[in-house]
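A short worksheet on the structure shown next.
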Amino acid sequence: MTLEAGMVAPGGTVGILGAGQLGRMLALAAAEFGLRIHIFAPESGPAFDVATATTIAAYEDEAALEAFARAVDVVTYEFENVPGHTADVLARHAAVRPGPRALAVTQDRLHEKDFVTGLGIPAAPYVTVDDLPGLRQALAAVGLPAVLKTRRFGYDGKGQVLLRDDTDTEAAWRAVGAVPCILEGFVPFEREVSVVAARSVDGAFAAYDLCANTHRDHILHRTLVPAGVSPRLEQQAIEMARWIAEALDYVGVLAVEMFLGADSGPELVVNEIAPRVHNSGHWTIEGARTSQFAQHIRAVCGWPLGLPERLGRIEMENLIGSDIDGWRQILQEPGACLHLYGKRQARPGRKMGHVTRVFPEGGTAS
Ligand SMILES: Nc1ncnc2c1ncn2[C@@H]1O[C@H](COP(=O)(O)OP(=O)(O)O)[C@@H](O)[C@H]1O
Ligand SMILES: [Mg+2]
């Protein structure tokens, strides 16, 4: 049997950059297709428990990257904050999906905002900030309240500070580490939502139903689906994700985080793009015909996408830090699907696992 160019056959190996829980769940999904997984990360992590092969090396280690790329059939990532050069080195020896451009655009908040607004998609007002006088100028332009965010390496609310009338500007600048930033106008959102979607090598696009997300201490706490927004807005959100995926010639699963505006201003504002599987899509393991992890594997292997169809009303809750102590109680609930990531230490703010509940549509608790 001959394969189309760029297609990985069962028995092949998918290489993943990053060893966290996303990599772990990707590896489990790959195993179900008879694929092998090789994880590349600077240190061991939850994905190592379920991988076929592992490499521990720095993302800057060109010799290790080359050996890794030669040992796999396709490279993808569960962690996007790798140096841009890493993707370029890998791309010389293996297919890298999504491609280096998706990575370059999404790992820098300034490039990401320029890209999104360049597509005509609304984003929060933003100004680039390189030093303290620049921050003062930006505040005059954007107004208060505003959010100062580092251009790179932010996640789970790290690398950002909310500025109000009484905030000491200099202290805020120090708090983000005095590194290149953007200042964003605060969006008085009514709700936070995300689109988790996939695009295949041949350009097919499939989106899951819109997710409604609530955060606790800037970390995703719960995802509810349906999101409870009008079908018109849900369609619009999905169309925005489709434009983004097409403009990046994206291959794989991506997530687009959005704010649903309150009162005046645009109804939908794009906040962030994650070039990978996303926490707000974890419910798809039990709650959709094709999980986001299986979908990502299908896409990066050059395979057709599976149906994203939702199988019920969804509640997904993250188990953060000491939440994991409730594991026995969750097991008492036969319908609750418990996922634990095998992390040894339950530090505050650390994602230890999640639990998904799928209810009959329109029904109440099972
Ligand atoms: N411009 C903004 N207006 C209002 N809330 C914001 C804004 N930017 C961020 N937030 C809040 O902070 C959270 C984290 O910000 P985000 O930009 O998604 O960074 P990350 O998820 O990488 O930490 C958002 O989910 C939202 O709750
Ligand atoms: Mg975010």
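Remember, it's a predicted structure, so these values are computed and weren't measured experimentally. Start at 1 and go down the list; that is how both ligands and their atoms are numbered.
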Donor on one side chain, acceptor on other, Ser194 and His278, under 3.5 Å: no

Angular separation of Glu272 OE1 and Glu257 OE1 about the Mg ion (ligand 2), given to 10°: 90°

From CD (Gln295) to CG (Leu307), nearest 0.5 Å: 8.5 Å

Distance in Å, Asp73 CG paired with Leu35 CG, rounded so as to fall on 0.5 Å steps: 8.5 Å

Near ligand 1, at a heavy-atom separation below 4.0 Å: residues by chain and residue number: Arg109, Val147, Lys149, Gly154, Tyr155, Asp156, Gly157, Gln160, Glu184, Gly185, Phe186, Val187, Phe189, Glu192, His215, His218, Glu257, Phe259, Asn271, Glu272

Single-linkage hydrophobic cluster Phe293~Val358, side-chain heavy atoms < 4.5 angstrom: yes

Joint hydrophobic cluster, Val147 plus Leu144, side-chain heavy atoms closer than 4.5 Å: no

Inter- and intrachain pairs under ring-ring contact (aromatic ring centres under 6.0 Å, His included), touching residues 315-348, at least two apart: His339-His354, Tyr341-His354

